[in-house]
Amino acid sequence: MHTMRVLIRTVAIGLVVASCGGVVVAGGSATGKSTAAANQGSPKSVSPAYPAQQPEPAGAATKESTEITTFGLETHDYREVSDFFNIREANANLEKGEWEFETAAEWVTGAGEGDDDFSLKPSLKYGITNDLWVELEVLPLNLGDGGDQGNGDLALAVFYQFIHETDMLPAFAAWAEMRIPSGEGSSGVDGELHFNLTKTLFPKFRTHLEGFIETANGGRGDEDVNRRPFQWGVGPGFDYQIDDKTIAVLNYLMRSSEERGHHNQNILEVGVARELFPGQHLKAAVDIGLDGQEETPEFGAKLQWSIEWK
């Protein structure tokens with residue numbers, strides 16, 4: 001009897017222990033299932049819709065558009081300071097295959113006695129290469145003074161730029177001009193040789209230097225009387241770019257007199273060049289005599305219109 005009681009108690013304890021274990025196991029299973037379900041319900045990490053930008057390779061340059069202005073502000077280019085002014089720049093002003101027509105009007109009054117002069121001067125240029133051009137021009141047609149003024153004389157000019165400007169070197173050019181005595185009362189042939197330097201000091205500011213020598217033979221109309229056979233001139237020039245279409249010019253020229261026995265001429269020039277339309281420019285300048293001599297212009301004003309095409 002006692003043995004039976006012990007057996008029943010042992011079985012009961014076993015059932016209680018088994019029941020508790022089942023609960024623990026069931027609980028553990030439920031927890032495991034819940035964790036698995038949670039893991040299954042969790043979204044997986046996915047790649048972003050737009051991939052990350054790749055870094056620029058080392059040393060890669062950023063490309064930026066550089067606007068080159070009409071007068072060549074960003075480069076060492078021609079800025080319309082032509083031989084219309086007393087001191088021109090050394091950069092060639094025509095490209096290969098390009099034409100340019102210019103027409104200028106000038107009014108001059110002298111320091112001594114005599115009448116004022118008004119003249120017209122048309123010319124035509126052609127670019128053989130980007131550095132070489134030729135020009136045929138009609139020398140100033142003196143209006144209002146009657147005959148024997150040399151009206152109808154022609155001039156042939158050849159320009160060549162030897163060196164383009166760099167950070168270290170200035171631009172260098174030379175040009176020659178020959179007067180052809182095709183006008184009324186003209187005689188002899190004149191020859192001129194010019195040398196020009198141009199250097200950019202600041203992005204908008206440049207300086208120029210021009211010198212020339214001339215052999216004068218005969219003359220235009222009655223100017224061959226007492227004419228100096230050898231003449232020369234030299235002077236500095238400066239220009240400043242006001243905006244993309246406008247440039248201001250300041251020049252000083254000292255040159256020999258055109259007649260024997262006279263002192264050298266000293267002339268100050270102030271001018272401006274303005275783009276009207278692409279390929280068309282208007283230039284204006286005034287000359288002021290600094291020495292008060294009869295041969296030196298006391299005051300002069302001139303205006304030029306030009307157009308370029310290919």
Side-chain angles (χ1 to χ4, degrees), residues 65-104 121 123-135 137 157 159-175 194-212 235-253 268-287 302-310:
S65 60
T66 302
E67 180 182 358
I68 298 179
T69 66
T70 303
F71 291 111
L73 178 60
E74 299 297 333
T75 57
H76 303 304
D77 288 340
Y78 176 71
R79 298 189 194 175
E80 295 297 329
V81 183
S82 66
D83 52 4
F84 166 77
F85 300 103
N86 294 339
I87 307 296
R88 71 153 292 149
E89 64 178 278
N91 295 307
N93 58 312
L94 288 178
E95 298 178 353
K96 181 179 179 180
E98 187 175 40
W99 294 87
E100 181 178 44
F101 173 75
E102 300 172 323
T103 181
K121 181 182 176 183
S123 67
L124 183 64
K125 297 179 181 177
Y126 178 73
I128 299 176
T129 71
N130 290 342
D131 297 322
L132 174 66
W133 53 257
V134 294
E135 177 184 27
E137 64 179 333
F159 178 100
Y160 185 72
Q161 182 176 354
F162 292 90
I163 300 175
H164 288 259
E165 183 180 352
T166 66
D167 291 340
M168 298 295 295
L169 296 175
F172 172 72
W175 54 286
H194 296 248
F195 300 96
N196 296 85
L197 293 171
T198 292
K199 188 72 181 77
T200 302
L201 301 181
F202 304 102
K204 294 186 177 183
F205 182 76
R206 302 184 305 170
T207 183
H208 316 284
L209 180 65
E210 179 171 347
F212 76 88
F238 307 91
D239 67 57
Y240 178 79
Q241 185 160 354
I242 299 173
D243 57 39
D244 287 354
K245 298 180 182 297
T246 311
I247 190 167
V249 177
L250 178 66
N251 296 322
Y252 168 74
L253 175 64
L268 179 68
E269 181 180 53
V270 180
V272 64
R274 172 76 179 179
E275 182 188 42
L276 301 177
F277 305 100
Q280 295 190 48
H281 296 86
L282 188 67
K283 304 171 190 178
V286 294
D287 289 337
K302 52 188 178 181
L303 186 69
Q304 183 188 71
W305 173 77
S306 64
I307 181 171
E308 303 164 0
W309 72 93
K310 278 192 175 183

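Below, each value reflects all heavy atoms present in this structure, side chains not excepted, and no hydrogens, waters or symmetry copies.
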Please step through side-chain contact (heavy atoms from CB on, under 4.5 Å) for the pair Lys302 and Asp287, ending with a clear verdict.
CA-CA 8 Å; Lys302 52 188 178 181; Asp287 289 337; 3.9 Å; yes
Is there a side-chain contact (heavy atoms from CB on, under 4.5 Å) between Arg88 and Asn93 once you walk through the steps?
CA-CA 11 Å; Arg88 71 153 292 149; Asn93 58 312; 4.0 Å; yes
If I take atom CG from residue Leu132 and atom NZ from residue Lys96, how far apart are they, to the nearest 0.5 angstrom?
11.0 Å
Could you check Arg79 against Glu89 for salt bridge (Lys or Arg N to Asp or Glu O under 4.0 Å), going step by step and ending with a plain yes or no?
CA-CA 8 Å; Arg79 298 189 194 175; Glu89 64 178 278; over 6 Å; no
Smallest heavy-atom separation, Leu94 atom then Gly127 atom, equals CD1-N, 3.7 Å
Checking Glu275 against Asp244 for the side-chain contact (heavy atoms from CB on, under 4.5 Å) test, could you report, in this order, the C-alpha distance in whole Å, the side-chain angles of both residues, the deciding distance, and whether it holds?
CA-CA 9 Å; Glu275 182 188 42; Asp244 287 354; over 6 Å; no
Closest non-hydrogen contact found for Ala90 with Phe159 is O-CZ, 3.6 Å
To check you understand the geometry: which heavy-atom pair defines the closest contact between Ala174 and Phe162, and what is its length?
CB-CE1, 3.8 Å
Within the 4.5 Å heavy-atom criterion, are Trp99 and Leu124 side-chain neighbours or not?
yes
Mind listing the closest non-hydrogen atom pair of Lys245 and Asp243 along with its distance?
N-OD1, 2.8 Å
If we only count heavy atoms from C-beta on, is the Glu135 to Glu102 side-chain gap below 4.5 Å?
yes
Test log, rule side-chain contact (heavy atoms from CB on, under 4.5 Å), inputs Glu100 and Trp133:
CA-CA 10 Å; Glu100 181 178 44; Trp133 53 257; over 6 Å; no
Point-to-point distance, once rounded to the nearest 0.5 Å, from OG of Ser82 to NZ of Lys125
5.5 Å
Report yes if some heavy atom in the side chain of Asn91 is under 4.5 Å from a heavy atom in the side chain of Arg206; otherwise report no.
yes
Between CZ of Arg274 and CG of Leu282, what distance do you get to the nearest 0.5 Å?
10.0 Å
Glu80/Lys283 salt bridge by N-O under 4.0 Å criterion
yes
Check whether the side chains of Asn251 and His208 place a donor and an acceptor atom closer than 3.5 Å, and report yes or no.
no
Spacing of Tyr252 atom OH and Asn86 atom CG [to the nearest 0.5 Å]
11.5 Å
For Glu165, salt bridge (charged side-chain N to carboxylate O under 4.0 Å, His left out) partners two or more places apart:
Lys199
Do Gln161 and Tyr78 have side-chain heavy atoms sitting under 4.5 Å apart?
no
How long is the straight-line distance from NZ of Lys204 back to CD1 of Ile242, given to the nearest 0.5 Å?
9.5 Å
Counting only pairs under 3.5 Å, give me each side-chain donor-acceptor contact of residues 303-310, with atom names and distances, residues two or more places apart or in other chains.
residue, atom, partner, partner atom, Å
Trp305, NE1, Gln280, OE1, 3.2
Lys310, NZ, Glu95, OE1, 3.2

Side-chain contact, heavy-atom cut-off 4.5 Å: Leu250 with Leu268?
yes
Are any non-hydrogen side-chain atoms of Asn196 and Trp175 less than 4.5 angstrom apart?
yes
Pairwise distance CG(Asp239) to CZ(Phe205) - rounded to 0.5 angstrom:
8.0 Å
Do Ile87 and Leu253 have side chains that get closer than 4.5 Å, going by heavy atoms?
yes
Where is the tightest heavy-atom contact between His281 and Gly279, given as atom of each residue plus distance?
ND1-C, 4.2 Å
